[in-house]
There are 2 protein chains.
Amino acid sequence: MDVQADRSAGAAGSERPSKGELLIQSMQELLWERGYSGTTPAEVQRRAGAGQGSMYHFFQGKAGLALAAEIRMGEDLKTEVEQRFVDREQTLDRVQSYLAPDGVVTRGCRLGRLVQDEEVAGNPDLMKPIAETYAWIQDRLETMLTDGVERGELRPDTDVQALAVTILAIRQGAYTLARLADSDEPFRQATIGISQLMEAARPKR
Amino acid sequence: MDVQADRSAGAAGSERPSKGELLIQSMQELLWERGYSGTTPAEVQRRAGAGQGSMYHFFQGKAGLALAAEIRMGEDLKTEVEQRFVDREQTLDRVQSYLAPDGVVTRGCRLGRLVQDEEVAGNPDLMKPIAETYAWIQDRLETMLTDGVERGELRPDTDVQALAVTILAIRQGAYTLARLADSDEPFRQATIGISQLMEAARPKR
DNA sequence: GTCTATATGATGATAGAC
DNA sequence: GTCTATCATCATATAGAC
């Protein structure tokens with residue numbers, strides 16, 4: 001089935017949010033809290049204060065609404081990552097900031113958790129915005145690390161692409177461990193682990 | 001609901017596997033392929049060549065059978081990790097071996113993926129064997145790294161616990177990235193990333 | 001022990017009134 | 001645009017025969 005996002009469900013920052021907009025926001029919340037399979041259209045509607053009709057008017061079913069919500073989540077995530085980088089100067093600070101828990105880590109990564117969902121993984125339309133967001137983040141990490149190399153904070157022979165993937169993986173994995181331990185301690189531990197290595201690997205001057 | 005594993009479904013290495021045993025194996029496969037929510041009792045039965053009656057005779061519903069399968073998967077995983085360590089001498093080799101893809105990484109981590117499943121996360125009985133398995137693996141990683149410190153392959157001031165969590169997180173995260181990219185490339189990249197850091201951080205002699 | 005038939009409930013989607 | 005009523009499907013679990 002070919003899923004399309006929406007039928008002009010309304011802009012994000014409008015005055016009075018349309019039902020379509022409310023539905024997107026509710027779907028965003030529920031995807032994060034319960035994943036895709038675990039979220040029922042009925043509950044999205046209830047949370048948005050909308051009926052069945054509104055949802056099927058704006059979106060082509062559950063998948064279409066989820067797609068719109070995913071795209072929104074990807075934008076939010078990119079904005080947050082960017083913010084963490086511009087607020088810091090030093091490379092190690094930026095890495096630590098990227099790995100810092102944001103208070104709701106036991107809920108999992110809003111996008112990463114969807115990858116583990118069978119219904120999402122089996123639907124290319126639903127995977128695409130997730131893959132694109134991660135590609136963007138990986139690219140952003142690479143740029144940030146290249147910056148560090150140029151400023152002499154990382155060794156000149158650093159494989160920035162590999163390191164970017166490593167840091168990305170650490171954050172994703174820490175989410176899983178945090179959920180398992182019901183604590184954000186794994187985030188702190190993993191940050192210590194990678195920081196200690198990066199410190200020790202620092203170029204001598 | 002208090003879930004118990006089984007009703008003596010049969011030992012693992014018996015001659016003629018009982019229906020209970022076949023059901024456990026089928027559930028193991030399906031949990032890995034589709035997760036918990038995505039697996040229906042009907043399909044487990046079909047794959048095991050057993051009827052409804054057999055399943056409900058040996059186990060208390062879907063959750064009970066899944067619990068038995070999880071325990072088995074945990075044992076398998078621990079055995080595999082142990083094998084990778086005893087086959088190698090050097091610390092970095094062991095770390096790389098732990099992070100090596102095993103050919104089916106795009107399917108995800110057989111246990112880790114369950115953590116993202118709402119029905120599993122919401123059932124303490126189903127989370128317990130997963131948490132215990134990860135605790136064992138983390139402990140095993142710590143022992144392995146402590147070994148490396150003692151042999152002078154890692155700096156004496158290494159925070160082995162933090163590094164163990166970091167490596168554990170890398171593997172978990174790489175599974176997510178691999179699934180997203182439909183490739184085991186993230187495993188290779190992440191291995192390069194952590195290896196390069198560990199090399200550079202090596203104690204001087 | 002193992003099977004089939006059936007009950008019960010929830011899910012995602014549609015129809016059609018307002 | 002938005003609503004409620006209804007549908008078809010499929011999920012898990014139970015009952016009871018063999």
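Because the structure is predicted, anything quoted here is derived from the model rather than measured. Just the heavy atoms: all of them, side chains too, but no hydrogens, waters or symmetry mates, feed the values below. Residue numbering restarts at 1 for every chain, and letters A, B, ... go by the order of the sequence lines.
The nearest whole Å value for the distance from the CE atom in B:Met55 to the P atom in D:dT12 is 8 Å. Nucleotide C:dG12 holds its P atom 16 Å from the CZ atom of A:Phe59, rounded to whole Å. Rounded to an integer number of Å, the gap from A:Tyr56 OH to D:dA5 P is 17 Å. Per the geometry, NE2 belonging to B:His57 stands 7 Å off P belonging to C:dT2, to the nearest Å. Across the protein-nucleic acid pair, A:Glu118 atom CD and D:dA11 atom P stand 14 Å apart, rounded to whole Å. Atoms CZ (B:Phe58) and P (C:dC3) sit 10 Å apart, rounded to a whole Å. In this structure, B:Leu23 atom CG and C:dC3 atom C1' are separated by 13 Å, rounded to whole Å. Between A:Gln60 atom CD and C:dG12 atom C1' the separation is 14 Å, expressed in whole Å.
Within a 6.0 Å sphere centred on CZ of A:Arg34, other residues, nucleotides and ligands contribute 12 heavy atoms or fewer.
In the region residues 30-47 of chain A, proximity to DNA chain D at under 4.0 angstrom, judged on heavy atoms, holds for none of the residues.
Comparing D:dA13, D:dT2, D:dA5 by their nearest atom to the side chain of A:Gln52 picks out D:dA5.
Figure legend: cation-pi geometry between A:Arg171 and A:Tyr98, with NZ or CZ positioned under 6.0 Å from the six-membered ring centre and within 45° of its axis. Figure legend: cation-pi geometry between A:Lys62 and A:Tyr36, with NZ or CZ positioned under 6.0 Å from the six-membered ring centre and within 45° of its axis. Relative to the six-membered ring of A:Tyr175, A:Arg113 misses at least one condition, a distance below 6.0 Å or an angle of at most 45° to the axis.
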* Asked: Step by step, would you call B:Asp102 with B:Arg84 a side-chain contact (heavy atoms from CB on, under 4.5 Å)?
  -> CA-CA 11 Å; B:Asp102 57 4; B:Arg84 293 187 185 204; 3.6 Å; yes
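For A:Ser54 and D:dC3, the shortest distance from a side-chain N or O to OP1 or OP2 is below 4.0 Å. Close to C:dG12, at under 4.0 Å from its OP1 or OP2, lies a side-chain N or O of A:Lys62.
Atoms CE and CG, on B:Met73 and B:Asp76 in that order, are 9.0 Å from each other to the nearest 0.5 Å. Note that the CD atom of A:Gln138 and the CD1 atom of A:Ile167 stand 10.5 Å from one another [nearest 0.5 Å].
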